[in-house]
Amino acid sequence: MSIRHGLLALLEHGPRYGSQLRTEFESRTGATWPLNVGQVYTTLNRMERDGMVAQSGEDDAGHALYVITELGRTELRSWFETPVDRSSPPRDELAIKLAMAVGAPGVDIRSVIQSQRHHTVKAMQDYTRLKAQALAAIESGGSQERDDVAWLLVLEQLIFQTEAEARWLDHCEVRLIRLSAAAERGAGHTTAASSTSPSAQPAATSAQPASPASPAHARPAQPT
């Protein structure tokens with residue numbers, strides 16, 4: 001997530017100080033990705049160094065105000081116009097966990113999946129409840145309607161994300177069941193082939209040697 005670009009977008013509405021930017025950022029995103037003041041000021045200092053923002057005096061309470069520069073506006077426009085890169089996806093802890101759980105000693109991967117599914121479904125229900133609240137706030141025409149619309153978009157993204165995660169978990173469980181069944185069938189075929197091979201029955205072979213003229217004993221029986 002780009003904190004820098006989020007702060008630039010807020011500064012385009014006018015001068016802001018650090019804690020004000022933090023409050024507005026969290027209000028716009030529903031505190032889904034909370035910030036601390038130190039993080040905000042560190043980002044502002046870097047952007048000031050890079051010429052994207054500049055200090056512009058203080059407010060009546062003595063807070064240092066920041067404004068966006070033309071270079072900052074250019075950077076912000078480029079961010080809005082450029083698609084988010086999906087060629088290098090961020091690390092996903094759940095995907096890594098399941099990948100590592102495959103074959104891990106003492107780990108029941110299906111139990112891991114079921115536990116995660118329970119948590120994911122609960123999160124989806126919570127997001128859906130918050131969505132209903134955001135819609136109600138928008139329909140009431142409150143003064144924070146813009147922030148409510150922004151929060152609604154974030155919530156709907158989270159709902160779609162958890163829905164997709166739940167479907168993926170279902171897929172993982174089905175995939176593991178099928179692979180396990182295939183492995184058991186393969187093991188069963190191997191056992192059947194071993195039990196019908198000549199080397200597996202030395203006593204019978206030595207006691208009743210096969211007649212060369214008998215087609216029934218021309219080759220070992222094959223498993224069906």
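Model, not experiment: these values are computed from the prediction.
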Which heavy atom of [X] sits nearest to which heavy atom of [Y], and what is that distance?
X	Y	value
D148	A137	OD2-CB, 3.5 Å
A134	W151	CB-CD1, 4.3 Å
L11	Y66	CD2-O, 3.3 Å
W79	S2	NE1-CB, 4.2 Å
I113	C172	CD1-CB, 4.0 Å
P15	Q20	O-OE1, 4.3 Å

query: Hey, are E58 and H63 close enough side-chain-wise for a donor-acceptor pair under 3.5 Å?
result: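 Result is no, nothing qualifies.
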query: Can a donor-acceptor pair be found between the side chains of Q116 and T120 at a distance below 3.5 Å?
result: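 Yes, side-chain donor-acceptor contact under 3.5 Å.
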Are side-chain heavy atoms of [X] and [Y] found at a separation under 4.5 Å?
X	Y	value
L153	E156	yes
T74	T69	no
F80	S78	no
V53	V67	no
E24	R28	no
Y41	V37	yes
V107	M100	no
M52	L8	yes

Are [X] and [Y] grouped together when hydrophobic residues (ILVMFWY) are joined by side-chain heavy atoms under 4.5 angstrom apart?
X	Y	answer
L94	L158	no
V40	L76	yes
I68	L35	yes
Y17	I3	yes
F160	M124	no

field: Step-by-step side-chain contact (heavy atoms from CB on, under 4.5 Å) determination, H171 to R167
entry: CA-CA 6 Å; H171 166 80; R167 290 196 301 270; over 6 Å; no
Checking [X] side chain against [Y] main chain: does a donor-acceptor pair fall under 3.5 Å?
X	Y	result
T43	Q39	yes
S115	V112	no
R77	E75	no
S27	T23	no

Atom [atom1] in [X], atom [atom2] in [Y]: separation rounded to 0.5 Å?
X	Y	atom1	atom2	result
I109	L176	CD1	CG	5.0 Å
N36	E26	CG	CD	9.0 Å
T162	Q125	OG1	CD	10.0 Å
H5	T82	NE2	OG1	8.5 Å

Test: [X] and [Y] ion pair at under 4.0 Å:
X	Y	value
R178	E173	no
D50	R46	no
D170	R117	yes

- request: Go through the steps for L65 and R16 under the test side-chain contact (heavy atoms from CB on, under 4.5 Å), then give the verdict.
  value: CA-CA 5 Å; L65 297 173; R16 300 284 194 278; 5.8 Å; no
- request: Please lay out, stage by stage, how T32 and L155 fare under the test side-chain contact (heavy atoms from CB on, under 4.5 Å).
  value: CA-CA 9 Å; T32 304; L155 275 171; over 6 Å; no
